[in-house]
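One structure below.
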Amino acid sequence: MMPSFPNISTSKNQQDGRKLANGNCKNQQVLARRQLILQHRKSLPIASVERRLVEEVRKNDTLIIVGETGSGKTTQLPQFLYNAGFCHDEKIIGVTQPRRVAAVTVAKRVAEECNVELGQKVGYSIRFEDATSSSTRIKYMTDGLLLREALLDPLLSRYSIIIVDEAHERTVHTDVLLGLLKKVQLARSHPTTNQHNFIKANAKGREDEPRSFSPLKASESAKSTSLKLIIMSASLDARCFSEYFGGAKAVHVHGRQYPVEVLYTYQPEPDYLDATLITIFQIHLEEASGDILAFLTGQEEIESVERLVHERIRQLPDGSQNLLTVPIYASLPSEQQMNAFRPAPSGFRKVILATNIAETSVTIPGIKYVIDPGLVKARSYNPVTGMESLIIIPTSKAQALQRSGRAGREGPGKCFRLYPESEFSKLTDSTVPEIKRCNLSNVVLQLKALGIDDIIGFDFMEKPSRMAIVKSLEQLFLLGALSDDYKLSSPVGQQMARLPLDPMYSKALILAAEFKCLEEMLIVVAMLSVESIFYFPREKMEEARAARKSFSSPEGDHITLVNVYRASAECLEKSKTTNCKEKTMEKKLNKWCRENFINYRSLRHARDIHSQIEGHIQQMGFSPSSCGDDMLQFRRCLTASFFLNAAMKQPDGSYRALSSSQIVQVHPSSVLFRTKADCIIFNELVRTNQNYVRNVTRVDPLWLPELAPQYYAADS
DNA sequence: GAGCACTGC
């Protein structure tokens with residue numbers, strides 16, 4: 001959860017600081033601020049149990065901490081442990097977070113509380129950004145990044161303590177990390193027995209590593225210290241974590257949350273959007289002042305409720321029209337997202353129409369009323385067909401609690417659940433962990449690279465279905481990442497595991513080095529790794545279409561993406577030659593994106609991925625190559641890489657996916673939507689109203705048996 | 001002629 005520090009607002013203090021020219025006053029300001037911070041720290045619920053917590057960590061190798069919202073566990077516990085001497089011998093306390101922003105903001109906050117420069121004693125590390133140094137002792141990071149670190153140092157020997165925060169969210173990364181940490185802890189506590197096998201397997205699998213470690217050295221250094229694990233969760237049920245860690249002790253830390261009155265409907269609501277609308281106005285007309293937060297499932301619902309609210313406001317008497325709507329969802333440009341955080345003009349009530357983003361990712365101040373229709377849009381994945389879809393399902397009890405909690409951050413609040421109380425008891429306790437509803441290829445590849453060969457026997461906290469694991473193993477085998485005995489292959493499997501990409505994309509890069517089109521493929525995998533690059537606002541559909549046409553390639557979407565990337569790079573090059581500062585260059589790129597209906601955030605992300613992967617493949621010794629204008633060569637490489645995603649045209653114009661025999665359509669957003677090529681490869685299979693394939697390129701069907709004989713030879 | 005909750009390396 002995104003922490004908020006209401007008592008002391010950084011920006012306000014900085015502003016005050018700027019106003020004061022006098023240095024003496026400035027010093028007083030600094031002193032006053034330090035005093036405030038100290039007071040704030042002392043007032044946190046966790047402060048009163050510092051000694052007890054430190055004692056429990058000393059006594060137990062694994063500790064579960066159930067900390068309610070506002071307990072201060074994330075910022076304070078690492079400081080307690082540091083002060084208690086857990087960083088001797090240059091050891092580090094690592095704290096993982098599921099989200100990047102949380103890692104950054106908490107690290108900044110703790111650095112300030114410790115009165116140190118960020119990146120020194122207190123730092124953070126997230127993808128594309130490392131604010132740590134050799135003196136860092138308290139390190140905040142994303143859980144995915146710690147998993148990557150484990151590939152280089154499987155015993156995580158630099159850490160004396162690892163704190164896994166927000167474990168109740170059960171992201172894939174958290175779940176894999178918990179399984180790994182359990183193994184690492186065992187290996188570090190019994191260096192002579194368990195550790196040996198574990199290390200050996202790892203060392204063997206990573207012979208090509210330039211930074212390869214010596215197994216002996218690792219075991220020697222690990223012998224001296226065991227690894228302390230602290231699992232922090234906000235869910236009231238610590239049992240599952242405790243059981244998983246062999247009956248680990250769980251302690252409870254109180255939070256600071258105001259009471260929230262929960263109200264239910266008498267009857268189930270047949271139309272939850274209408275019910276939401278009615279509830280908004282019921283609150284607006286009958287309840288005391290305070291902003292409203294309504295949870296909806298997606299952009300479309302938010303836009304439609306927003307329209308309906310506006311219509312109804314106009315029908316109200318003049319004195320009651322003081323209601324303002326603010327939408328917030330992830331794909332909304334950040335400038336517009338900021339509107340949700342601005343206070344409503346005086347005399348107005350604000351109603352925020354939000355997706356799940358407001359459940360954990362952002363904390364909006366001033367919320368007194370929450371409307372919860374009890375539904376959420378969730379990703380589901382079918383391992384047999386490889387089909388992804390988004391479905392609307394009921395929330396879990398934990399999610400409902402999380403949502404209602406949003407009304408009690410600053411004072412007592414009310415939550416209106418738009419279903420009867422009897423329905424609440426029927427909800428599942430917690431959300432199905434992500435690991436049970438996603439493609440596991442990446443997880444399996446990483447575990448293999450960590451020397452864990454028996455994936456089906458791996459001690460997951462909650463085991464994914466056997467089918468899902470088998471399908472991933474099969475896919476990795478077909479990509480050449482696994483050898484005949486299902487061990488990580490050398491060098492292909494090892495190289496693939498090093499790249500932070502979907503395994504199919506990693507393989508594409510390795511092949512592109514052979515096909516001499518590495519430059520083009522690097523652009524394509526970076527662009528395919530981000531959310532959609534093109535932006536189609538409803539009101540400017542024609543202009544957007546024209547803009548995209550200027551990048552279009554008749555061969556398909558992959559080359560179109562290369563064209564977009566190169567055009568954007570050209571725009572940046574131009575501003576570079578005119579000696580622009582970095583900020584100005586970004587502004588120019590932003591402007592270019594708006595003119596060309598490109599999503600700036602996505603392109604920025606793609607550029608970051610591009611440069612990160614470029615670094616990796618240089619380190620791995622691949623020489624740069626470009627196919628120039630020879631796009632045939634590039635399409636052949638696409639075929640060799642994505643042969644598992646090939647489809648043939650049917651007489652009726654639909655397509656049949658060759659691996660699963662499903663009938664699919666080319667998505668209307670594809671440049672090949674009208675072309676109807678005989679044979680295509682694609683990168684995404686999504687079910688909405690129909691089965692759609694997206695990111696499509698036309699290929700020659702004869703290339704399939706030629707370039708992927710391991711899969712197609714028998715058919716041809 | 002469609003539509004995409006949210007994260008992450």
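In what follows, chains carry the letters A, B, and so on, assigned in the order in which the sequence lines appear, proteins first and then strands, with residues in each chain numbered from 1. The structure presented is a predicted model; accordingly, all values stated were derived computationally and were not measured. Computed over heavy atoms, backbone and side chain alike; hydrogens, waters and symmetry mates excluded.
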Quick one: label [X] by what it contacts on the DNA or RNA (base, sugar-phosphate, nothing), any heavy atom closer than 4.0 Å.
X: Asp143(A); answer: nothing
X: Thr355(A); answer: sugar-phosphate
X: Ile392(A); answer: nothing
X: Tyr692(A); answer: sugar-phosphate
X: Arg100(A); answer: sugar-phosphate
X: Leu145(A); answer: sugar-phosphate
X: Ala330(A); answer: sugar-phosphate

Taking the side chain of Arg674(A) as its heavy atoms from C-beta onward, which of dC9(B), dG1(B), dC6(B) lies nearest to it?
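Side chain of Arg674(A) sits closest to dG1(B).
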List the residues meeting side-chain contact (heavy atoms from CB on, under 4.5 Å) with Gln399(A), not counting sequence neighbours, and say none if there are none.
Asn356(A), Glu359(A), Val376(A), Thr395(A), Ser396(A), Thr431(A)
Go through the structure and list residues passing side-chain contact (heavy atoms from CB on, under 4.5 Å) with Leu473(A), not counting sequence neighbours.
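Listed in chain order: Val444(A), Lys448(A), Ile455(A), Ile469(A), Leu482(A), Tyr486(A).
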Between His605(A) and Arg437(A), which is nearer to the 5' end of DNA chain B once each is assigned its nearest nucleotide?
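Between the two, 5'-proximity favours Arg437(A).
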Does Ser529(A) or Gln299(A) map to a spot on DNA chain B nearer the 5' end, using the closest nucleotide for each?
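Nearer the 5' end of the strand: Gln299(A).
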Per the atom types in the model, does the base of dG1(B) pair as donor or acceptor with the side chain of Arg545(A) at under 3.5 Å?
yes
Checking side-chain polar atoms at under 3.5 Å, does Gln650(A) have a donor or acceptor matched by the opposite partner on Ser654(A)?
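No, because no side-chain N or O of Gln650(A) sits under 3.5 Å from a partner of the opposite role on Ser654(A).
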Strictly below 4.0 Å: does Thr171(A) bring a side-chain N or O up to OP1 or OP2 of dC6(B)?
no
May I ask you to say whether Arg99(A) pairs ionically with Glu169(A), meaning some side-chain N is under 4.0 Å from a carboxylate O?
yes
